[in-house]
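Below: one structure, written as structure tokens.
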Amino acid sequence: MPEFPDVELYKQRFEAHALHRRIESVVLRDRPLLSGASAQALQKALLAHRFVISKRHGKYLFLGIDTGRWLAAHFGMSGALEYADSEDESVQYERLRLVLEHGGRLSYTSRRRLGRITLIDDPQAFIEEKRLGPDALGIAAREFEIRIGAKRGSVKSALMDQTTLAGIGNIYSDEVLFQSGLHPRTPVERLEKKSLAQLYRTTQRVLQAAVEAEADPHHFPDGFLTPHRREGAVCPRCGGTVKRMQIGGRSSYFCERCQPPLSSGSRRPERV
DNA sequence: AGTACCACCTGACGGC
DNA sequence: TGCCGTCAGGTGGTAC
């Protein structure tokens with residue numbers, strides 16, 4: 001479930017448990033997971049070394065090694081980074097295991113195997129190479145408004161475009177739009193500056209809340225859509241029905257009453 | 001610069 | 001129980 005709040009959680013757990021501990025073994029259980037490096041190179045880069053720093057940018061996690069190199073991890077649609085004090089228990093869908101000194105293991109898991117791990121020299125260069133936009137939570141209001149405002153097409157696609165803004169995926173774009181009262185198909189060019197400013201504040205609030213809830217929908221604040229993100233579910237705001245619609249090839253969930261389409265004349269979305 | 005579709009992968013779930 | 005279609009929070013490539 002890795003959008004930005006999930007990856008932020010992996011980072012926090014990594015820092016709490018795995019930082020500065022010597023890596024005593026490297027077990028790669030899924031060779032294709034590794035891109036641009038051999039299993040031997042990975043082994044050599046990590047074995048007997050320590051992670052000394054970590055960074056997150058959008059959905060990417062960068063783990064800095066004491067040699068100055070970095071492990072860059074992307075989690076695809078079904079990956080996670082898990083830590084446990086015990087090193088002997090088996091972990092479902094584990095693809096890479098790092099056993100740490102004093103016991104404990106760090107596991108990169110991936111059910112659908114869509115994620116990738118890479119060895120890199122410089123996260124900033126990697127971010128530029130991938131043409132990732134600024135991190136969705138670090139960005140300033142003005143830059144958000146400029147970048148989103150410059151897009152065309154649906155506001156949902158704009159929020160999800162990683163080159164515009166890094167970190168927001170299908171789930172959180174739906175949540176932001178629900179909290180904003182915007183229909184996901186709303187064309188960006190129909191949003192006034194005021195609506196863009198509001199969209200910025202809502203984006204920050206939603207991401208912040210998700211991180212505080214440890215990316216667990218059960219702990220999201222009341223009135224959030226995510227725990228009710230199923231076709232036919234009851235809208236947590238108005239009691240209406242949650243609808244599903246394909247937008248940009250992705251399933252979008254929204255409440256027709258709380259997020260009405262802009263009528264052809266009006267330029268300002270109105271909350272019901 | 002958009003959208004639409006395919007590909008990469010594996011698994012969970014509902015219907016019959 | 002088994003088979004089948006559909007869906008799933010990702011990115012990247014192609015064609016239009």
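Computed over heavy atoms, backbone and side chain alike; hydrogens, waters and symmetry mates excluded. Letters go in sequence order (proteins before strands), and every chain restarts at 1.
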So A/Phe254 and A/Leu177, side chain to side chain contact (heavy atoms under 4.5 Å, CB included) or not? Walk me through it.
-> CA-CA 8 Å; A/Phe254 66 103; A/Leu177 293 171; over 6 Å; no
Which part of the nucleic acid, if any, lies within contact of A/Gly249, taking any heavy atom under 4.0 Å across all strands shown: a base, the sugar-phosphate backbone alone, or nothing?
-> nothing
Indicate whether OP1 or OP2 belonging to C/dG10 is found under 4.0 Å from a side-chain N or O atom of A/Gln162.
-> no
Of the residues in residues 154-161 of chain A, which ones touch DNA chain C at a heavy-atom distance under 4.0 Å?
-> none
Pick base, sugar-phosphate or nothing for A/Arg230, based on heavy-atom distances below 4.0 Å to the nucleic acid.
-> nothing
Just by modelled atom types, is the A/Ile168 backbone N or O under 3.5 Å from a matching donor or acceptor in the A/Gln162 side chain?
-> yes
Interatomic distance, A/Met77 CE vs B/dA7 P [rounded to whole Å] | 16 Å
Would you say B/dG2 has OP1 or OP2 under 4.0 Å from some side-chain N or O of A/Lys151?
-> yes
Check whether any side-chain heavy atom of A/Ile120 lies under 4.5 Å from a side-chain heavy atom of A/Phe62, and answer yes or no.
-> yes
Show me the protein contacts with nucleotides 4-7 of chain C, counting only N or O atoms at under 3.5 Å.
residue, atom, partner, partner atom, Å
C/dC7, OP1, A/Arg244, NH2, 3.4

Could you state the atom-to-atom distance from CG of A/Leu207 to P of C/dG9 in whole Å?
-> 17 Å
Distance between the P atoms of C/dT6 and B/dC6, in whole angstroms?
-> 13 Å
Salt-bridge criterion met for A/Glu101 and A/Arg50 (N-O under 4.0 Å) = yes
Gap between atoms CG and C1', on A/Leu33 and C/dT11 respectively (whole Å) | 15 Å
Within this structure, what is the OH-to-P distance between A/Tyr108 and C/dG10, rounded to whole angstrom?
-> 14 Å
Stepwise side chain to side chain contact (heavy atoms under 4.5 Å, CB included) check, A/Ile23 with A/Leu100 | CA-CA 5 Å; A/Ile23 298 164; A/Leu100 306 176; 4.0 Å; yes
Evaluation steps, side chain to side chain contact (heavy atoms under 4.5 Å, CB included), between A/Arg105 and A/Val91 | CA-CA 10 Å; A/Arg105 49 122 184 111; A/Val91 180; 3.4 Å; yes
A/Arg113 vs A/Leu33 side-chain heavy atoms within contact, under 4.5 Å | no
Base, backbone or nothing for each nucleotide of nucleotides 11-16 of chain B, written B, S, -, heavy atoms under 4.0 angstrom, 5' to 3'?
-> SS----
Test item: side-chain donor near acceptor, A/Tyr83 and A/Asp85, under 3.5 Å | yes
Hey, are the side chains of A/Phe51 and A/Leu71 touching, using non-hydrogen atoms and a 4.5 Å cut-off?
-> yes
Under 3.5 Å, is there a donor-acceptor pair between the side chain of A/Gln259 and the main chain of A/Leu182?
-> yes
Check step by step if side chain to side chain contact (heavy atoms under 4.5 Å, CB included) holds for A/Tyr10 and A/Leu63.
-> CA-CA 11 Å; A/Tyr10 305 157; A/Leu63 307 180; over 6 Å; no
Round to a whole Å and report the spacing from CG of A/Leu61 to P of C/dG10.
-> 17 Å
Which of parallel (below 30°), tilted (30 to 60°) and perpendicular (above 60°) describes A/Phe126 and A/Tyr60?
-> perpendicular
Between A/Gln179 and A/Thr202, a side-chain donor and acceptor under 3.5 Å | no
With pairs taken as Watson-Crick or G-U wobble and both distances under 3.5 angstrom, which stems of at least three consecutive pairs involve DNA chain C?
-> B:2-8 with C:10-16, B:10-16 with C:2-8
Taking all non-hydrogen atoms of both residues into account, name the closest pair between A/Glu231 and A/Tyr253 and its distance.
-> N-CE2, 3.5 Å
Selection: residues 114-145 of chain A, any non-hydrogen atom under 4.0 Å of DNA chain C = A/Leu114, A/Lys130
Is A/Leu199 close to A/Phe144 at the side-chain level, that is, under 4.5 Å between some pair of heavy atoms?
-> yes
Mind calculating the distance between CZ (A/Arg152) and C1' (B/dA1) to the nearest angstrom?
-> 5 Å
In chain order, what residues pass the side chain to side chain donor-acceptor pair (under 3.5 Å) check against A/Gln246, with sequence neighbours excluded?
-> A/Ser251
